[in-house]
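The sequence lines fix the lettering, A, B, ..., with proteins before strands; numbering per chain opens at 1.
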Amino acid sequence: MDLQYDTEHTILRDGAEKYLAGRYDYRTYQKIAESDAGWNSDVWTEFAELGWLGLPFADEDGGIGGGPVEVAVLMETLGKSLVLEPYVPTVILGGGIVSALGSPSQRQLILPAVAEGKLRLAFAIEDRGTPVQAKKASGGYVLSGAKKMVLGAPMADTILVSAKMGGGVGVFVVPAETRGLVVRPYRMVDGGRAADIEMVDVSLPSSALLGNNESAGATIELTIHRAIGALSADAVGAISSLVAATVEYTKTRVQFGQPLAKFQVLQHRMVDMKVKEEEARASCLFATLSLDGPTDRRARAVSGAKAKIGRAGRSVSQSAIQLHGAIGTTNELSIGGYTKRLIAYELLFGSTREHLRRYASIISDPAVASAGLLSAPAN
Amino acid sequence: MDLNISPEDIAFRDEVRKFLDSAVTDDMRRGVELTTAFINDPEISIDFHKALHKKGWSVPAWPKEYGGTGWSAVQRYIFDTECARYGAPMFNGAGRAMLAPVLMKFGRPDQQEFYLPRIAAGEDHWAQGYSEPGAGSDLASLKTKAESDGDDYIVNGQKIWTTHAHKSNRIFALVRTSSEGKRQEGITFLLIDLDSPGITIRPIVGNGGDHEFNEVFFDNVRVPKSNRVGEENKGWDCAKYLLEFERGGSLQAGRVRAQFTRLVKLIKAHSPDDPDIAVRMAELGTDLDAMEMIDISILSAVQSGGNPGPISSLVKLRWSQVRQQIAELAMDTIGEEALKWVGERPLYETLQLPPDEEELLTQTPRYLNYRAYTIFGGSTEIQTTILSKSMLGL
Ligand SMILES: Cc1cc2nc3c(=O)[nH]c(=O)nc-3n(C[C@H](O)[C@H](O)[C@H](O)COP(=O)(O)OP(=O)(O)OC[C@H]3O[C@@H](n4cnc5c(N)ncnc54)[C@H](O)[C@@H]3O)c2cc1C
């Protein structure tokens, strides 16, 4: 058992915070959110130079071999700065599924380019109406169907698409300009971008199927869990920023002849926010440390974190707005941005209620409920 | 970073399990399950205490030179978790967890040598005499007076809410020895035998039906000055030091997880298809997981020689709320069954029903009793005010 961050984590965190503090303030976020593209290519290049775009990839794939903890450390700082560039879609989702399923040549083709900042990815998972089906055709496959809420798809060069095939499911590499692929982009509440996509008889070579794998269901789920883990750390960053901003604001805002922070009723509300932040952080760490573990435990920790952090985020953002008064209801201060970020977190990859239901079905086994979180390592 | 336990710790866990297999009897377990108050009567816990003592495990948290086990933080976590899983009895912490650290820090060697082994062996049972009718959260306003008379003090006044005074042979009490200067500077810490002439103990029955706490009256009670801990008028230092242990102190995760597991089984039996109950159960489970992670992160900080910092002060606050909510959901889970009431105590003597029916009769009393979790040992409001300083710098 060891929950201490080591020097390398501290270096990663401090470096990221320092860079983002100088490069990505709230005005920058607002400008990018309001731009047509919704991301900034210079920033993206700098992310590549900092080594972030290959953080979780293996050395031989052009990455630096970081694990879930390193990803979480970075993601928390991205959340604090409200970074809009498509890190999770490209590195965690797209890059994650290619790392896990891809053949050596597919990984070589895609991952080093991602790490260098030359290729952006998205991963289309959730079906919309007609599920995407892949049928064998001469020399490859033909895909038809529709997907929704594909994060980062509007700026992606390549979209990974999950498709039903026979009894199983596979993941296909689909370049954005492929004929028959229609991308319908939209803006999300926090300024991030996503798209619904439609595929009508899209022809792909057989080399487009990742790892030639027709039963990728479990790996897709693992990749989603990794994305939820990363987004959870991002949300913890947003929550902690809201708490810090609210404490600072009430220390300086004077009413009735004294700083607001002197009123016990507000002190107590801020402690409540801080406690929720700490619990959210703890819950996120449990999920992070379970990502490489046994499936049941991972599902329990991830769904638990998604629900717990979702609830915390909602409550903390409501308190932050309340304690700022009228200014809290505008976009003037960063708390507006964090509030929207946390709404997005709650709604992506399953609502709080859905995750509570999943968590309930796992925890209702008394053997699971009674076991402490420290455990013998699985062999 | 990881949540793994080492092969040595697994071997330790197996040793603990082997011990508990024989030390925790079915009668004990039933006694624990049918206790709706906070701590178990000595009648239930004493044999377990004796078995622990024989094994050298009765006071694991104490420094080794006083009889502690010298276990690592992880081993203590394992021990607590396993005891809870086995349904082992809970002791009154007043002696082991509160008074003992005060004696180790402020007591004279002869006091340490006399009292500590008796606590470790389960021979002495202590009560905590802090609160008074006029001194609750504002403890320093206490009025119980000790006047000097030769080698003795003469004590007059009243304590209240004194847990297990009726099951104890001694009480440590804060008394006023001076009314000059700051209120905190006139307080003295005394050790008093409860069979001293002039002491009257009157029961207070809580609305959950249990007699757990009492009023304790002092009418010209003679206490030797040698029973004073620390200097005269310096008792506030002892009092504050003790509260650190009462409020922070032991790991809770194991106990709360055991309580949660009973809830999970209750839901399976009574409301398996109620989606609202399932959601509330899941919310509590995620609270519990997060709090256990905080417990473990404190362990980890201590293990690597660091200081957990202010986060340790939120632990008492949140565990008390989680425990209340589990008790509340347990009551809600059984529907109208929660209406049935058996007033006689102890339930482990009164009831003679099938175990699952007996369990139903504990839920409402436990719900009512557990409202006190957020009142004693520093109320939620007092803790929150402390946290606003320690965590937020307000
Ligand atoms: C089950 C149980 C067992 C106990 N066992 C013992 C024991 O063994 N020995 C012992 O000495 N005592 C014991 N106590 C007493 C306990 O320590 C006191 O109840 C506690 O200190 C609170 O004091 P009070 O009950 O007088 O409430 P009060 O102090 O009168 O408080 C009433 C309410 O006002 C709030 N409040 C008080 N001050 C403030 C403030 N400054 N700001 C905001 N809110 C405030 C409190 O949080 C509470 O909600 C026990 C209590 C219970 C319930």
[X] versus chain A, the contacting section by heavy-atom distance below 4.5 Å:
X         : result
Leu314(B) : side chain
Ile311(B) : side chain
Ala301(B) : both
Leu263(B) : neither

Exercise for the section: To the nearest 0.5 Å, tell me how far Met1(A) CE sits from Ile296(B) CD1. Expected result: 7.0 Å

Exercise for the section: List in chain and number order the residues that pass side-chain contact (heavy atoms from CB on, under 4.5 Å) with Ala299(A), two or more places apart in sequence or in another chain; answer none if no residue qualifies. Expected result: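 side-chain contact (heavy atoms from CB on, under 4.5 Å) check on Ala299(A) returns His225(A), Ile362(A).
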
Problem - Residues in side-chain contact (heavy atoms from CB on, under 4.5 Å) contact with Ala244(A), at least two apart in sequence or another chain - result: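 Scan of Ala244(A) (side-chain contact (heavy atoms from CB on, under 4.5 Å), adjacent residues dropped) gives none.
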
Which donor-acceptor pairs sit under 3.5 Å apart between chain A and chain B?
residue   : atom : partner   : partner atom : Å
Met1(A)   : N    : Asp2(B)   : OD1          : 3.4
Met1(A)   : N    : Asn4(B)   : O            : 2.6
Met1(A)   : O    : Gln303(B) : NE2          : 3.3
Asp2(A)   : N    : Asp2(B)   : O            : 3.0
Asp2(A)   : O    : Asp2(B)   : N            : 3.0
Leu3(A)   : N    : Ser300(B) : OG           : 2.9
Gln4(A)   : OE1  : Ser300(B) : OG           : 2.8
Gln4(A)   : OE1  : Ala301(B) : N            : 3.3
Gln264(A) : NE2  : Thr385(B) : OG1          : 3.3
His268(A) : NE2  : Thr385(B) : OG1          : 2.7
Glu279(A) : OE1  : Arg318(B) : NH2          : 3.2
Glu279(A) : OE2  : Arg318(B) : NE           : 2.4
Glu279(A) : OE2  : Arg318(B) : NH2          : 3.4
Arg300(A) : NE   : Asp289(B) : OD2          : 3.0
Arg300(A) : NH2  : Asp289(B) : OD1          : 3.0
Lys308(A) : NZ   : Asp287(B) : OD1          : 2.5
Tyr359(A) : OH   : Gly285(B) : O            : 3.0
Tyr359(A) : OH   : Asp289(B) : OD2          : 2.8
Ser364(A) : O    : Lys268(B) : NZ           : 2.9
Ala369(A) : O    : Arg257(B) : NH1          : 2.8
Leu373(A) : N    : Tyr77(B)  : OH           : 3.3
Leu373(A) : N    : Glu292(B) : OE2          : 2.8
Leu374(A) : N    : Tyr77(B)  : OH           : 3.4
Ser375(A) : N    : Leu3(B)   : O            : 3.0
Ser375(A) : O    : Ile5(B)   : N            : 3.0

Problem - Under 4.5 Å from any heavy atom of chain B - which part of Leu289(A) - result: side chain

Exercise for the section: Side chain from CB out, backbone as N, CA, C, O: work out which of these in Ala301(A) comes under 4.5 Å of a heavy atom of chain B, or both, or neither. Expected result: neither

Exercise for the section: Against chain B, work out which of Leu356(A), Val271(A), Leu374(A) has the most heavy-atom pairs shorter than 4.5 Å and name it. Expected result: Leu374(A)

Exercise for the section: Go through Gly372(A), Ala261(A), Gly304(A) and name the one with the most non-hydrogen pairs under 4.5 angstrom from chain B. Expected result: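 Most heavy-atom pairs under 4.5 Å with chain B: Gly372(A).
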
Handout entry: salt bridge (charged side-chain N to carboxylate O under 4.0 Å, His left out) partners for Glu221(A), two or more places apart
Key = none

Completion exercise
Closest non-hydrogen contact found for Ala290(B) with Ala282(A) is O-CB, 3.4 Å

Exercise for the section: Work out which heavy atom in Ile10(B) is nearest to a heavy atom in Ala376(A); give both atom names and the distance. Expected result: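 Distance-wise, the nearest heavy atoms are CD1-CB, 3.5 Å.
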
